[in-house]
Amino acid sequence: MKHIFKYGTAALAFAVALSAQARSVPMLIENVHGYTLVGDRLHRFAGLVFELGKVVETGDPVVLRKKFPEAHVIDGLGETLLPGLIDAHGHVIDLGFEGVRIRLSGTKSLKEAQDQIQAYANAHSDQAWLLGGGWNQVRWKIGRFPRADELDAIVSDRPVVLGRIDGHAEWLNTKALQAAGITKDTRDPVGGRIERNADGNPSGVLVDKAMDLVDGFIPPPTDAERLAAVRAALHHMNSVGLTGVGDAGDTASGIALYRDLADKGLLTVRIYAMIADTGEDFAALSKAGPLIGYGQDRLTVRSVKLFADGALGSRGAALLAPYSDRPNQRGLLFMTDAEMQGKIETALRAGYQVNVHAIGDAANRQVLDGFEGAYKTVGGRQLRNRIEHAQVVALSDMPRFKQLDLIASMQPTHATSDMNMAEDRVGKERIKGAYAWRTFLEQGTRIAAGSDFPVESDNPFFGLHAALTRTDHANQPKGGWHSEQAMTLLEVFRAFTLDAAYAEHQEKAIGSLEPGKWADFILIDRDLFKCPRAEIWKIKVEQTWLAGERVY
């Protein structure tokens with residue numbers, strides 16, 4: 001007997017789905033506007049059958065009902081159904097902590113930020129350290145970094161450490177500087193910079209590797225706090241339609257936490273974990289080789305995340321020539337060319353994909369050189385290695401991505417967030433190789449799309465909108481910022497589905513709703529392929545399903 005229900009009855013739907021799975025009874029969701037990629041073609045369907053967590057068939061519901069008469073039927077109420085979207089580059093635990101710490105990402109002025117910090121401090125008098133982030137001095141239009149005394153005026157009795165929106169600078173009050181022992185005599189570390197006043201004293205901002213000077217003094221979160229943060233992040237990702245994420249920089253303890261959640265059936269987003277660097281954690285984790293498809297493909301650990309430089313907004317991105325708006329700075333390379341190639345070789349030799357953060361053109365060149373050298377010494381070209389961000393690339397270096405079989409792991413909303421300062425930083429010539437999605441695609445380089453959350457929102461529809469229009473949510477600038485580099489809707493849809501899956505070696509299991517793949521899908525409130533381009537960012541997710549189970 002068929003159980004027919006509308007998905008508005010959430011508890012019943014979930015219970016029936018679970019019981020149907022347990023009895024190995026097919027599920028048919030019908031009355032939907034379904035879309036999935038099949039190769040290079042966009043396939044449309046009105047019904048989807050899945051069983052034991054995997055897709056069986058898509059097509060005409062009338063035909064599917066006859067073919068699967070025993071199926072439990074779900075009425076999709078005419079909604080649009082898509083494969084679950086995959087964010088190729090995010091930071092899961094940081095997303096979870098964002099909700100319980102000081103959050104300044106929406107502030108438009110220094111005063112507004114100070115007011116929010118004050119309110120948080122008043123409400124959390126029990127916290128020994130006040131932590132958070134999201135500030136952006138460009139949006140505040142103050143023409144400089146914020147200072148320690150501007151935090152001291154709000155909180156002077158305990159340390160305050162607040163990360164910049166890009167995660168590549170921190171704003172400290174005097175108490176935090178003192179706790180870390182940072183003084184006039186403290187030297188800038190390799191790959192880092194202590195911002196100073198005219199007298200040479202620390203002014204209150206640490207850039208890139210200089211952040212390590214204070215981070216070691218911040219009390220680490222408890223296991224319970226970390227678990228709560230991950231659970232919160234998983235729920236939020238599900239709520240915006242994500243069923244997979246490349247977690248860009250994981251520790252052994254973080255991976256152990258994911259593994260435990262997978263064992264308990266609580267990992268509701270497929271995690272593609274990138275081990276942070278090639279140090280002790282990598283040495284320990286790599287002894288047994290890559291972990292592939294653990295817990296029914298819910299956790300995979302087969303890649304390493306390296307850093308070449310900082311970010312553009314904090315002028316930590318390493319440039320071949322000085323910054324156009326700061327002629328005495330070229331940014332910060334985190335390591336020498338030999339060190340970079342050595343780390344790449346270490347990971348490739350062990351059979352791990354290498355994903356390297358590179359923002360500036362000097363950093364991208366260093367990484368390209370590193371891969372080229374490593375391929376000659378240890379091989380590893382077939383591992384689908386990636387450059388994360390590939391944000392500003394010298395035009396002469398762009399073909400090398402294709403020549404070296406590298407994937408460009410890029411975040412569309414970075415362009416629309418950075419358009420207020422990017423050209424000021426690099427000038428009119430270098431901007432031609434910045435956020436250059438069209439150039440990459442036309443030369444045959446695959447783009448894996450993501451967001452870099454919580455630097456940007458984890459909502460993938462914001463990314464789809466940005467890639468397509470190159471405008472903000474107010475549809476500005478008119479016609480799009482450097483619109484010659486925009487993607488088509490099919491291209492960006494692919495970048496958030498099949499190509500993101502390919503970048504994780506998982507295109508045979510996820511990324512589309514083809515028979516035999518996991519039934520990871522979402523229902524949304526409007527038709528992605530018919531709604532006005534300017535409104536794509538407004539799309540809301542009604543439901544998210546992972547392996548045939550409703551998780552949101």
Side-chain angles (χ1 to χ4, degrees), residues 7 17 27-30 32-59 74 76 79-88 90 237-246 268-272 296-298 300 446-451 458-461 463-464 467-468 487-531 536 539-552:
Y7 67 71
M27 304 284 290
L28 166 61
I29 182 167
E30 63 179 16
V32 294
H33 300 287
Y35 297 92
T36 188
L37 285 166
V38 177
D40 293 328
R41 180 175 60 88
L42 185 65
H43 169 62
R44 296 172 173 82
F45 58 90
L48 166 69
V49 175
F50 54 96
E51 184 177 4
L52 291 174
K54 292 193 174 182
V55 175
V56 177
E57 192 170 337
T58 59
I74 306 170
E79 298 286 8
T80 294
L81 187 151
L82 304 175
L85 300 177
I86 302 167
D87 190 312
M237 286 187 282
N238 288 152
S239 77
V240 294
L242 292 175
T243 55
V245 63
T268 60
V269 175
R270 300 187 190 280
I271 302 289
Y272 186 74
Q296 297 187 314
D297 292 327
R298 298 202 184 205
T300 290
R446 200 182 299 256
I447 293 178
S451 65
D458 59 332
N459 188 330
F461 294 101
L464 285 155
L468 192 60
M487 296 189 204
T488 67
L489 180 53
L490 200 60
E491 287 168 343
V492 68
F493 180 61
R494 185 182 188 91
F496 273 105
T497 54
L498 267 180
D499 283 351
Y502 179 89
E504 299 176 351
H505 296 264
Q506 297 185 98
E507 76 281 2
K508 293 182 180 179
I510 59 175
S512 65
L513 295 170
E514 298 173 82
K517 291 190 175 185
W518 290 109
D520 299 352
F521 61 89
I522 60 175
L523 290 162
I524 57 177
D525 69 346
R526 64 191 79 189
D527 193 321
L528 172 65
F529 291 92
K530 292 181 180 178
C531 77
I536 286 175
I539 289 174
K540 301 296 183 187
V541 174
E542 303 285 0
Q543 284 190 51
T544 300
W545 292 66
L546 187 82
E549 296 181 12
R550 182 173 172 177
V551 294
Y552 173 78

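Since we're looking at a predicted model, the values are computed, not measured.
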Between Phe461 and Val541, is there a side-chain heavy-atom distance shorter than 4.5 Å? yes
Nearest heavy atoms of Gln506 and Asp297, plus distance in Å: OE1-O, 4.1 Å
Decide yes or no for Ser512 and Thr497: does some side-chain heavy atom of the first lie under 4.5 Å from some side-chain heavy atom of the second? no
Hey, what do you get for OH (Tyr552) to CH2 (Trp545), rounding to the nearest 0.5 Å? 14.5 Å
With Asp520, which of Arg270, Arg550, Lys54 fulfils salt bridge (Lys or Arg N to Asp or Glu O under 4.0 Å)? Arg270
Looking at Lys517 and Ala509, what are the two nearest heavy atoms and their distance? CB-O, 3.3 Å
Shortest non-hydrogen separation from Ala88 to Ala500 and the atoms involved: CB-CB, 4.4 Å
For the backbone of Gly76 and the side chain of Glu79, can you confirm whether one donor and one acceptor N or O come within less than 3.5 Å of each other? no
Plane angle bin for Phe50 and Phe521 - parallel if under 30°, tilted between 30 and 60°, otherwise perpendicular: tilted
Are any of the side-chain heavy atoms of Ile29 and Leu523 separated by less than 4.5 Å? yes
Could you give the distance from NE2 (His33) to CD1 (Ile524), rounded to the nearest 0.5 Å? 11.0 Å
Looking only at non-hydrogen atoms, find the nearest pair between Trp518 and Gly53 and report the distance. CE3-O, 3.2 Å
Mind checking the CG-CG spacing from Leu468 to Leu489? Nearest 0.5 Å is all I need. 5.5 Å
Considering only heavy atoms from C-beta outward, does the side chain of Leu42 approach that of Leu490 to under 4.5 Å? yes
Taken to the nearest 0.5 Å, the spacing of Glu514 CD from Glu507 CD works out to 10.5 Å
Is there a side-chain contact between Glu549 and Thr268 in this structure, where contact means two heavy atoms from C-beta onward sitting under 4.5 Å apart? no
For Lys540 and Asp525, run salt bridge (charged side-chain N to carboxylate O under 4.0 Å, His left out): C-alpha distance rounded to whole Å, both residues' side-chain angles, the deciding distance at 0.1 Å, then the answer. CA-CA 6 Å; Lys540 301 296 183 187; Asp525 69 346; over 6 Å; no
Which value, rounded to the nearest 0.5 Å, describes the distance between Glu57 atom CD and Phe45 atom CZ? 11.5 Å
With rounding to the nearest 0.5 angstrom, report the CD to CG distance, Gln296 to Leu546. 9.5 Å
Heavy-atom distance under 4.5 Å between the side chains of Leu81 and Leu48, does that happen here? yes
If every non-hydrogen atom of Leu242 is compared with every non-hydrogen atom of Asp458, which pair is closest and at what distance? CD1-O, 3.4 Å
When the ring centroid of Phe493 is compared with that of Phe529, is the distance short of 6.0 Å? yes
For residues Ile86 and Glu504, determine if any side-chain heavy atom of one lies less than 4.5 Å from a side-chain heavy atom of the other. yes
Are Met487 and Ile447 packed together at the side-chain level, in the sense that at least one heavy-atom pair is separated by less than 4.5 angstrom? yes
State which residues pass side-chain contact (heavy atoms from CB on, under 4.5 Å) with Arg526; sequence neighbours excluded, sorted by chain then number. Cys531, Glu535, Lys538, Ile539
Consider only side-chain N and O atoms of Asn238 and Thr544, and report whether a donor and an acceptor are under 3.5 Å apart. no
